[in-house]
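Because the structure is a prediction, the values reported are computed rather than measured. Below, each value reflects all heavy atoms present in this structure, side chains not excepted, and no hydrogens, waters or symmetry copies. All chains are named by letter (A, B, ...) in the order of the sequence lines, taking the proteins before the strands, and each is independently numbered beginning at 1.
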There are 2 protein chains.
Amino acid sequence: MKDVAAAAGVALKTVSRVVNDEPGVNPATAERVVAAIAQLGYRRNESARVLRRGRTATIGLVIEDVADPFYSGMSRAVEDVALRHGSLVLSGSSGEDPVRERELVLTFCARRVDGLIIVPAGTDHDYLLPELDAGIAAVFADRPGGLEADTVICDNAGGAHAGVGHLIRHGHRRIAFLGDSASIFTASERLRGYRRALAEAGLPADGSLIAMGPADRAGAALCAMLAAPDPPTAVFTGNGRITVAALRTGHRPALVGFDDFELADVLRPGVTVVAQSPDGLGRTAAEMLFRRLSGEPGPAERIQLPTRLIPRGSGEIPPP
Amino acid sequence: MKDVAAAAGVALKTVSRVVNDEPGVNPATAERVVAAIAQLGYRRNESARVLRRGRTATIGLVIEDVADPFYSGMSRAVEDVALRHGSLVLSGSSGEDPVRERELVLTFCARRVDGLIIVPAGTDHDYLLPELDAGIAAVFADRPGGLEADTVICDNAGGAHAGVGHLIRHGHRRIAFLGDSASIFTASERLRGYRRALAEAGLPADGSLIAMGPADRAGAALCAMLAAPDPPTAVFTGNGRITVAALRTGHRPALVGFDDFELADVLRPGVTVVAQSPDGLGRTAAEMLFRRLSGEPGPAERIQLPTRLIPRGSGEIPPP
DNA sequence: TTGAAAGCGGTACCAA
DNA sequence: TTGGTACCGCTTTCAA
């Protein structure tokens, strides 16, 4: 910038004014400056600007895994909103590890991101308190975090309730639930919806029909259930990866899965799902964050997004 | 930091030494400083550090779309390598738009990223030259860029050649090619491989069996071909999205697709694919970038990764 | 309309 | 082993 000022024969401050479109610069002067900028290939150093102004125009996004279609869809939505607000996105995958989540968040904070969108891996977020005090905004997405803060989740219990109810209406009385580890908020919420649907229909709760754990064990769990005496006639799968794991077993009981996925309509039969919107989650979280960043006051909000049942065939198979 | 120094009763510089693990600090002094840091909840301001040191420990990643499984896989690999090198990743989606690509790259450069990994949307990268001169390293991934720079691509022509050859060996003589827009490097390379395979087998090149364009038109193109007199008995699809579009038509000619995808093995018949490795692409590009950042000299390298044919059924269907 | 000078929060270099 | 000071490149404040 100094060089530009010298080349244009003006003071540093004048160049700064031109670069920032500040008013009160003689058009002729401005033109000289612009010419000098072009000629020298000058580009403003954002680090210096950030240092001085305090705002980085960058937000941090911590998700579980970018390579998971659910989170990458969410990621894209966040990116788009950020772009509209002139911000960039630093992102990182926690891999469902609270320690890694914390490291990522603190690293982002050290870079002075303006705000954070976090898909919490852990439940304790006290480490965030000093950062929030320091003025960094935070929004939890997909799951609530361990402290009062803006949160966007989807209607997990309601969605599972609707999906299981759908199977019940098609005549099933023994319905299995394959879910992610019970320690994960979304998994336990969905289990709750499943239980409520059974109870409302007056069906017994049979613990042997419930398997909670990582997706790579879901297939084996399903096979075991189907091989047992009095097997389930239908399955509700608690997330996209588990649905795929169940399909991969080759068994084709009646099935409704939480999360939509590409090719769900191409399989035979088509896979009936309870769809949530990764886009909606990302967009809503980002918009909420930017609203806070632009100074919106008020207590922490909690937004719940609806789910949608999409019948495609697998959920309409009657019991044998 | 000033406050910490005051609290610990030492000079600014000493705090700096402690924070950076520089040698030559009395353990007792260091301890006092550490205590002051903890008590004040001090955290180093990275912006200031960057301003002074010139290195941001951040790299920029420009891909086509994070929500595309191919690129999100690549993204994850880049993120992992970056993390191992203590760097963060700023990422953005170009949406196959050269203007947006340029904007993203320049924005990243203004933030003084140390290096860039770019999946080029355009073919003209002269806008990068000043940045390269300014010392920013760049690696092109998935496609070559418009200037001499390190590049990692996969063996597109060879992969397509293998896939089409596979169909030919199973007796097909009329094989359609559904590819992305011919202006995209990978698409034209794969078309080249297709042509070479036909030529080597002494098969005629029939232009009516070739359709190039965005994935959302591929389905209609396939339907039109199959409805025409003397239809193809087999199809080679030029990328993952086009493979899915072809499957979605409901027609099931013999098919080999470029790119592996989740559920390819669950469909009936399983989908035979030419797999490339998004991970490998991301990892290799990132490692190359960090090698340059650590000062490795030498001319631009070009690495080509192999592809792998995975027979699953759809590619082994004989002609009727 | 333009400019000079003081800092933002660190690091680098040199002196004590 | 420790401290002082210049300075990174920009914005802000105030004066001309």
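Nucleotide dA12(C) holds its P atom 12 Å from the CG atom of Leu51(B), rounded to whole Å. Rounded to whole angstrom, the span from the CD atom of Glu46(B) across to the C1' atom of dC8(C) amounts to 15 Å. Rounded to an integer number of Å, the gap from Asn20(A) CG to dG9(D) C1' is 12 Å. Separating the CZ atom of Arg111(B) from the P atom of dC10(D) is a distance of 14 Å, rounded to the nearest angstrom. Put simply, CD on Glu22(B) is 12 Å from C1' on dT2(D), counting in whole angstrom units. As rounded to whole Å, 14 Å separates atom P of dA4(C) from atom NZ of Lys2(A). Atom CZ of Arg44(A) and atom C1' of dT11(D) are 10 Å apart (whole Å).
Between Thr186(B) and Asn156(B), the side chains place no donor N or O within less than 3.5 Å of an acceptor N or O (distance only, hydrogens not considered).
Residues Arg241(A) and Glu64(A) are paired through a salt bridge, judged by an N-O separation under 4.0 Å between the basic side chain and the carboxylate. In this structure, Glu22(A) pairs ionically with Lys13(A), as a charged nitrogen and a carboxylate oxygen lie closer than 4.0 Å. By the 4.0 Å N-to-carboxylate-O rule, Arg76(A) lies too far from Asp279(A) to be salt-bridged with it. With respect to the salt-bridge test (charged N to carboxylate O, under 4.0 angstrom), the residues Arg143(B) and Glu96(B) qualify. The pair Arg291(B)-Glu301(B) counts as a salt bridge, with a side-chain nitrogen and a carboxylate oxygen less than 4.0 angstrom apart.
Among dC10(D), dG3(C), dT2(C), the nucleotide with an atom closest to any side-chain atom of Val25(A) is dT2(C). Which of dT11(D), dG9(C), dG10(C) sits closest to the side chain of Leu12(B) comes down to dG10(C). Side-chain atoms of Asn45(A) lie closest to dG9(D) of the nucleotides dG9(D), dT2(D), dG10(C). Distances were taken from every side-chain heavy atom of Thr14(B) (C-beta onward) to each of dA12(C), dC8(D), dT2(D); the shortest belongs to dT2(D). Listed nucleotides dC10(D), dT11(D), dC14(C) differ in distance to Arg17(B); the shortest reach to its side chain belongs to dC14(C). Taking every side-chain heavy atom of Asn26(A) into account, dT2(C) is the closest of dT12(D), dC8(C), dT2(C). Out of dG3(D), dT11(D), dG10(C), the shortest distance to the side chain of Ser16(A) is found at dT11(D).
When heavy atoms are screened at a 4.0 angstrom cut-off, Ser47(A) is found touching no nucleic acid atom at all. Heavy atoms of Val10(B) sit under 4.0 angstrom from primed sugar atoms or phosphate atoms, though from no base atom. Across all strands, Ala48(B) comes closer than 4.0 Å to base atoms (heavy-atom distances).
Between the base of dG9(D) and the side chain of Arg52(B) there is no donor-acceptor pair shorter than 3.5 Å.
The residue among Arg112(B) and Lys13(B) whose nearest nucleotide of DNA chain D is located toward the 5' end is Lys13(B). Toward the 5′ end of DNA chain D lies the nearest nucleotide of Pro27(B), the other residue of the pair Pro27(B) and Met1(A) mapping further downstream.
Between dT11(D) and Arg49(A), a contact under 4.0 Å exists linking OP1 or OP2 to a side-chain N or O.
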